[in-house]
Amino acid sequence: MTRRELLRAGGLTAACLAAPRLGRSASLVEIRMQSDARGEHVGFDPIGILIQPGQTVRWTTESPGNPHTTTAYHPRNGKHSLRIPEGAEPWDSGFLLKEGDHFEVTLTVEGVYDYFCLPHEAAGMVGRIVVGRPSGPGTRPFDYFTGRPGIRDWLAVPDAARHAFPSVEAIMRQRVVRHAGPF
Ligand SMILES: [Cu+2]
């Protein structure tokens, strides 16, 4: 855990103690990071969610021995393409190793946020969060930046990841899109 994450966790604990329990649970959205026993199938569940600005998302790993990350699609995260709203802060949890390890972000800027698991992106371990009304780079095609001046080195989204994302339309309709598994 970095010092910044530690401070953030401490701040959240304080906020949790101060806030009424009901308000806290209503604003927190949980996403599990899962693998099957052999580590052949991996995924975020739910894989797609609709939340409101100011809500907090918590990722928790439930697959010990198979480390995961939650990492925003953003050039600051290893030159991945920008797929979160312009002006939103990218996040990167680092490796979550032990069962129950978790990471939280509070999303305040409206739009679509795509994220991935660093070791499993090519296996299709990605997720999508819509905050309020869908807009921004996350609504564009995966290769929207190709050929744009000044953007030469962003990484393409791997095929398995492209196929794994739930559509924005499905998220708006269902609010919660569960991962099909198997885990
Ligand atoms: Cu993973």
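Excluded from the calculations below are hydrogen atoms, water molecules and symmetry mates; all remaining heavy atoms, backbone and side chain alike, are included. Please read all numbers here as calculations on a predicted model, not as lab measurements.
The salt bridge (charged side-chain N to carboxylate O under 4.0 Å, His left out) search around Arg148 returns none, not counting sequence neighbours. For Phe95, the ring-ring contact (aromatic ring centres under 6.0 Å, His included) criterion is met by no residue, not counting sequence neighbours. Residues meeting the salt bridge (charged side-chain N to carboxylate O under 4.0 Å, His left out) test with Glu62, sequence neighbours left out: none. Applying the salt bridge (charged side-chain N to carboxylate O under 4.0 Å, His left out) rule to Arg140 yields the partners Glu86; only residues at least two apart in sequence or on another chain are considered. Glu99 meets the side-chain hydrogen bond (donor to acceptor under 3.5 Å, both in side chains) test with no other residue; sequence neighbours excluded. In this structure Ser167 satisfies the side chain to side chain contact (heavy atoms under 4.5 Å, CB included) test together with Glu169, Ala170, sequence neighbours excluded. With sequence neighbours excluded, the residues satisfying side chain to side chain contact (heavy atoms under 4.5 Å, CB included) with Pro182 are His41. Remark: Asp45 pairs with Arg32, Arg178 by the salt bridge (charged side-chain N to carboxylate O under 4.0 Å, His left out) rule, at least two apart or across chains. For Arg76, the side chain to side chain contact (heavy atoms under 4.5 Å, CB included) partners at least two apart in sequence or on another chain are His74, Glu89, Pro90.
The two atoms that bring Ala164 and Gly124 nearest to each other are CB-O, 3.4 Å, heavy atoms only. Residues Pro166 and Gly48 approach most closely at CG-CA, 3.9 Å, considering heavy atoms. Contact detail for Gln52 and Gly132: the closest heavy-atom pair is OE1-CA, 4.1 Å. The shortest heavy-atom contact between Gly43 and Phe183 is N-CE2, 3.6 Å. Across every non-hydrogen atom of Pro85 and Gly111, the tightest pair is CG-CA, 3.9 Å. The shortest non-hydrogen separation linking Val157 to Phe165 is CG1-CE1, 4.3 Å.
No side-chain heavy atom of Leu96 sits less than 4.5 Å from a side-chain heavy atom of His102. Taking 4.5 Å as the limit, some side-chain heavy atom of Thr60 sits within range of a side-chain heavy atom of Glu30.
Both Ile151 and Ile84 belong to a common hydrophobic cluster when Ile, Leu, Val, Met, Phe, Trp and Tyr are linked at side-chain heavy-atom distances under 4.5 angstrom. No continuous path of ILVMFWY side-chain contacts below 4.5 Å connects Val126 to Leu82, so the two sit in separate hydrophobic clusters.
Here the side chain of Ser93 pairs a donor or acceptor atom with the backbone of Thr70 at under 3.5 angstrom. In this structure a side-chain-to-backbone donor-acceptor pair under 3.5 Å is missing from Gln34 to Val42. Remark: the backbone N or O of Trp91 is paired with a side-chain donor or acceptor of Asn77 at under 3.5 angstrom.
Between the side chains of Thr56 and Thr106, a donor-acceptor pair is found at a separation under 3.5 Å. No hydrogens or angles considered: a donor-acceptor pair under 3.5 Å links the side chains of Thr71 and Asp92.
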Test side-chain contact (heavy atoms from CB on, under 4.5 Å) on Gln55 and Val131; report intermediate values, then the result.
CA-CA 9 Å; Gln55 282 193 278; Val131 178; over 6 Å; no
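Connectivity analysis of hydrophobic side chains (ILVMFWY, heavy atoms under 4.5 Å, direct or indirect) links Leu50 to Ile47, Val112, Val130, Val168, Ile171, Met172, Val177.
Pairs passing the side-chain hydrogen bond (donor to acceptor under 3.5 Å, both in side chains) check and including a residue from residues 150-166, sequence neighbours excluded, read Lys79-Asp153.
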Show me the side-chain donor-acceptor pairs of residues 114-122 shorter than 3.5 Å, one per line, residues at least two apart or across chains.
| residue | atom | partner | partner atom | Å |
| --- | --- | --- | --- | --- |
| Asp114 | OD1 | Arg128 | NE | 2.7 |
| Asp114 | OD2 | Arg83 | NE | 2.8 |
| Asp114 | OD2 | Arg83 | NH2 | 3.4 |
| Asp114 | OD2 | Arg128 | NH2 | 3.0 |
| Tyr115 | OH | Trp59 | NE1 | 3.2 |
| His120 | ND1 | His68 | ND1 | 3.2 |
| His120 | NE2 | Asn66 | OD1 | 3.1 |
| Glu121 | OE1 | His80 | NE2 | 3.1 |
| Glu121 | OE2 | Tyr73 | OH | 2.7 |

